[in-house]
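Just below is one structure, and these are the notes that go with it.
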Amino acid sequence: MTEPSTQQPRRSPLPPTATDTDSGGRSTVPLDSTAQLLTRVTAQLATQLSLVSRNGTRRPMHRTRPSDTPRLPAAPRPSPAEAAPPTLLVVAHGSRDPQALRTVLALLDRVHDLRPGLDVRLGHIELNQPLLPDTLNGLRGADAVLVPLLLGRGHHVKHDLPAAAAAAPSVRTRIAAPLGPHPLLVEALYGRLVEAGWDPADEGGRRAAVVLAAAGSRDPDSAQDTRRTARMLAERLGAVPVVPAYASAATPTVPAALRALAARGRHRTFVASYFTAPGRFASAAASAAPRTAAVPLGAHPAMARLLLHRYDQALSATAPSEMVSLLASA
């Protein structure tokens, strides 16, 4: 009688295959070996698929990248601060005077010079091309700040511009405050008066005076803005009287203001043209001046700076309540 062998059966160096079964036909493959097998199959499939392009052709071997090779970092996406700024859309009134459009275009050129990367466009309320709705139509899907080339609060600022913006829902718009009152406007007015012959020696004199000739409006806020500009200009001129006068819709007229100043002994009077560009009203005011009247503000350097200031101011006022306050206090 022999003793049972104590020698352990030798294990195969390879893992059992899926065909290994016991005497009852049941699989003898351990669960962890099955997982290893699936891992190897998945890895092989991934390797084969990496060699095939989208159109079904096989990629050359030299174009594949080993899985352990570090990839170059992707190019950084531009941050919101680096994105293109909103368009500055200058809204002019429009005039039948051919000089008006040329003057406004010259002003826009100055704005370009001050900020070369900014998209600056023009739209007119009436009389000139391009009209504001057409310019807005060309900005679909974009951001724009409407900066009125208007000197105070009035119907155009309060009604026409908001209506045009509402009629262009595909453009994300903000409406800036009108240009006046503002110290930069006063600098432009002073510069034009000097060009017209104003002598600084007249400042503080008893014979000198200035009529601030404006277009006029039935809106009391517009008249208030003009009077405030007149006070600021008087301070700039060394306390010389500055009387606001109007070409339409309000009083006094320019001739009436000149007569009133003459009755007070102010015979050395100048007319400051409180207009953004040449036009019918500016010509009528100039014709009433006893001497050469100042030309409209036009493309004065201070005007270009003021347009950009109103644009930046509108961008910084993000909340609607801030914009309402901005328009009310401008």
Side-chain angles (χ1 to χ4, degrees), residues 78 80-180 215 217 219 222 275-280 296-299 303-304 306-324 326-327 330:
E82 296 173 342
T87 295
L88 193 169
L89 174 47
V90 176
V91 183
H93 182 277
S95 171
R96 292 184 177 86
D97 190 324
Q99 287 290 339
L101 180 56
R102 287 193 285 268
T103 300
V104 173
L105 292 176
L107 175 59
L108 266 60
D109 286 342
R110 283 194 178 274
V111 174
H112 276 296
D113 292 340
L114 290 175
R115 200 168 297 184
L118 184 62
D119 181 24
V120 181
R121 304 197 186 191
L122 175 63
H124 291 92
I125 295 173
E126 59 182 359
L127 300 176
N128 287 116
Q129 298 291 336
L131 291 173
L132 178 57
D134 296 332
T135 304
L136 286 170
N137 187 54
L139 289 170
R140 289 186 177 183
D143 297 294
V145 177
L146 278 59
V147 181
L149 191 60
L150 303 168
L151 300 175
R153 295 167 294 172
H155 184 82
H156 295 312
V157 171
K158 294 181 178 180
H159 301 284
D160 291 345
L161 268 65
S170 60
V171 185
R172 296 176 293 276
T173 57
R174 304 183 192 193
I175 301 176
L179 299 185
S217 170
D219 191 312
S222 176
F275 302 98
T276 57
R280 178 167 59 93
L297 300 167
M303 292 288 287
L306 182 53
L307 282 171
L308 287 171
H309 171 71
R310 291 303 195 202
Y311 168 85
D312 294 335
Q313 198 175 28
L315 286 182
S316 65
T318 55
S321 59
E322 291 181 80
M323 287 304 302
V324 172
L326 185 65
L327 288 169

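The basis for the numbers below is simple: all heavy atoms, side chains too, and nothing from hydrogens, waters or symmetry mates.
- The heavy-atom pair separating A176 from V145 by the smallest distance is CB-CG1, 4.3 Å.
- L139 contributes atom CG, which lies 11.5 Å from atom CG of D134 (distance to the nearest 0.5 angstrom).
- Side-chain contact between V171 and L89 is absent, with no heavy-atom pair separated by less than 4.5 Å.
- Listed here is the closest heavy atom pair of N128 and S95: OD1-N, 2.6 Å.
- R172 contributes a side-chain N or O that, together with a main-chain N or O of G141, makes up a donor-acceptor pair within less than 3.5 Å.
- The closest side-chain heavy-atom distance from R115 to D312 is below 4.5 Å.
- Taking 4.5 Å as the limit, some side-chain heavy atom of T173 sits within range of a side-chain heavy atom of L136.
- Side chain of S222 to main chain of G152: no donor-acceptor pair is present (N/O by atom type, distance under 3.5 Å, no hydrogens or angles).
- At a threshold of 4.5 Å between non-hydrogen side-chain atoms, the residues R110 and L307 do not count as touching.
- The backbone N or O of V147 lies less than 3.5 Å from no partner atom in the side chain of R310, so there is not a single donor-acceptor pair.
- To the nearest 0.5 Å, atoms CG (L122) and CG (L131) are separated by 10.0 Å.
- Interatomic distance, CG of D160 versus NZ of K158, reported as 12.5 Å (0.5 Å rounding).
- Taking every heavy atom of both residues into account, A100 and P278 meet most closely at CB-O, 3.4 Å.
- Shortest non-hydrogen contact noted between R140 and S170 is CG-OG, 3.3 Å.
- P148 is listed as a side-chain neighbour of L161, based on a closest heavy-atom distance under 4.5 Å.
- Remark: side-chain polar atoms of R174 are paired, donor with acceptor, to backbone N or O of L315 under 3.5 angstrom.
- Residues T103 and G298 approach most closely at CG2-CA, 3.5 Å, considering heavy atoms.
- Considering only heavy atoms from C-beta on, L149 comes within 4.5 Å of L107 through its side chain.
- The shortest side-chain heavy-atom distance between H124 and H93 does not fall under the 4.5 Å cut-off.
- Residue-environment remark: CZ (R280) stays at or below the threshold of 12 foreign heavy atoms within 6.0 Å.
- Put simply, CE on M303 and CG on L297 are 5.0 Å apart, with the number rounded to the nearest 0.5 Å.
- Here H155 contributes atom NE2 and L150 contributes atom CG; the two are 11.5 Å apart, rounded to the nearest 0.5 Å.
- Taking 4.5 Å as the limit, some side-chain heavy atom of Y311 sits within range of a side-chain heavy atom of L118.
- When all heavy atoms are compared, the tightest approach of P178 to L151 is CB-C, 4.4 Å.
- To the nearest 0.5 angstrom, Q129 atom CD is 9.0 Å from T135 atom OG1.
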